Engineer: 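Before I ask anything, here is the structure I am working with.
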Amino acid sequence: MAEQKSALDAGRDVVARLNPPLEGALAEKYDTLVPGFAESLVEWAYGRHYARPNLDLKTRQLCTISALTVLGGQTAPQLKVNIKHSLAAGATRQEIIEAIWQMAVYGGLPAAINGLNAAQELFDELDATAN
């Protein structure tokens with residue numbers, strides 16, 4: 001019988017697909033405050049949630065940006081990271097915009113506008129680095 005992959009290894013596989021430098025960047029920023037923060041986040045969020053079967057990674061990312069949009073403007077930094085992850089998971093810019101816009105019904109227009117602003121800022125940054 002094949003050995004089951006640990007949640008940390010499964011999480012690292014997902015992170016490698018979405019944002020390879022993520023764990024190192026998180027460790028550099030937060031591990032002095034909370035030792036093991038980066039590894040814990042990769043294991044729990046990516047290894048125990050994003051790596052689960054029955055829902056593809058693109059859909060999980062669109063759900064994530066929808067939830068972050070409804071939570072409001074204070075989530076803009078995490079929203080931008082997850083919009084970038086959604087692109088890496090195969091979502092198009094228009095799919096991302098539609099997921100954010102759909103949240104106007106549930107989180108209100110201010111939340112959707114904040115989400116659209118975060119998306120536009122990220123798209124502008126990506127376009128600037130592509131040129």
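A quick note: this is a predicted structure, and the numbers were derived from the prediction, not measured. Residue numbers start at 1 and run along the sequence shown.
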Engineer: Does OH belonging to Y30 count more than 12 external heavy atoms closer than 6.0 Å?
Structural biologist: no
Engineer: Taking all non-hydrogen atoms of both residues into account, name the closest pair between A45 and H49 and its distance.
Structural biologist: O-CB, 3.1 Å
Engineer: In Å, rounded to the nearest 0.5 Å, how long is the span from NZ of K58 to OG1 of T92?
Structural biologist: 6.5 Å
Engineer: Does the side chain of R17 come within less than 4.5 Å of D13's, by heavy atoms?
Structural biologist: no
Engineer: Please determine whether residues L71 and I97 belong to a single hydrophobic cluster, defined as Ile, Leu, Val, Met, Phe, Trp and Tyr linked transitively by side-chain heavy-atom distances below 4.5 Å.
Structural biologist: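 L71 and I97: one cluster.
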Engineer: Treat each ILVMFWY residue as a node, draw an edge where side-chain heavy atoms are under 4.5 Å apart, and state whether Y106 and L109 are in one component.
Structural biologist: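 No; L109 is not reachable from Y106 via cluster members.
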Engineer: Tell me whether R12 forms a cation-pi arrangement with Y46, defined as NZ or CZ under 6.0 Å from the six-membered ring centre and within 45 degrees of its axis.
Structural biologist: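 Negative - R12 is either too far from the ring of Y46 or too far off its axis.
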Engineer: Should we count CD of E125 as having more than 12 external heavy atoms under 6.0 Å?
Structural biologist: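 For E125, atom CD is crowded (more than 12 foreign heavy atoms under 6.0 Å).
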Engineer: Which heavy-atom pair separates L79 from G115 by the least distance, and what is that distance?
Structural biologist: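 Nearest pair, atom of L79 first, then G115: CD2-CA, 3.6 Å.
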Engineer: Any heavy-atom pair between the side chains of W101 and I113 that's under 4.5 Å?
Structural biologist: no
Engineer: Is there a path of hydrophobic side-chain contacts, each under 4.5 Å between heavy atoms of I/L/V/M/F/W/Y residues, joining L62 to L122?
Structural biologist: yes
Engineer: Roughly how far apart are Q78 CD and I65 CD1, rounded to 0.5 Å?
Structural biologist: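 Rounded to the nearest 0.5 Å, the CD-CD1 separation comes to 14.0 Å.
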Engineer: According to a 4.5 Å side-chain heavy-atom criterion applied to Ile, Leu, Val, Met, Phe, Trp and Tyr, with indirect links allowed, do V42 and V14 form part of one hydrophobic cluster?
Structural biologist: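 Yes, V42 and V14 fall within the same hydrophobic cluster.
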Engineer: With rounding to the nearest 0.5 Å, note down the distance linking CG in L18 to CZ in R60.
Structural biologist: 12.0 Å
Engineer: Side chains of T64 and Y50: donor-acceptor distance under 3.5 Å anywhere?
Structural biologist: yes
Engineer: Given side chains that start at C-beta, do those of L33 and F37 come closer than 4.5 Å, heavy atoms only?
Structural biologist: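 L33 does not reach F37 side chain to side chain.
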Engineer: Measure the CG-CG distance between D31 and L26 for me, rounded to the nearest 0.5 Å.
Structural biologist: 8.0 Å
Engineer: Which pair of heavy atoms, one from S86 and one from I96, lies closest together, and at what distance?
Structural biologist: CB-CD1, 3.8 Å
Engineer: Write down the atom of A51, the atom of A10, and the distance for their closest heavy-atom approach.
Structural biologist: CB-CB, 4.0 Å
Engineer: Quick one: pull up CD in E28 and CD in E23 and give me the separation to the nearest 0.5 Å.
Structural biologist: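 So the CD of E28 and the CD of E23 are separated by 13.0 Å.
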Engineer: Considering residues, nucleotides and ligands other than K80, do more than 12 of their heavy atoms fall under 6.0 Å from its NZ?
Structural biologist: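 Yes, because the 6.0 Å sphere around NZ of K80 holds more than 12 heavy atoms from other groups.
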Engineer: How many angstroms lie between CZ in R48 and CZ in R52, if you round to the nearest 0.5 Å?
Structural biologist: 10.5 Å
Engineer: Do L87 and L126 come close enough that some side-chain heavy atom pair is under 4.5 Å?
Structural biologist: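 Side-chain contact under 4.5 Å: yes.
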Engineer: Any side-chain to backbone donor/acceptor pair from N82 onto H85? Under 3.5 Å, distance only.
Structural biologist: no
Engineer: Counting distance only, does the side-chain N/O of T59 pair as donor-acceptor with the main-chain N or O of L55 below 3.5 Å?
Structural biologist: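 Here the side-chain-to-backbone pair does not exist.
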Engineer: Indicate yes or no for a side-chain donor-acceptor contact from T75 to the backbone of L68 under 3.5 Å, with no hydrogens or angles considered.
Structural biologist: yes
Engineer: Report yes or no: do I100 and F123 belong to one cluster of Ile/Leu/Val/Met/Phe/Trp/Tyr joined by side chain heavy-atom distances under 4.5 Å?
Structural biologist: yes
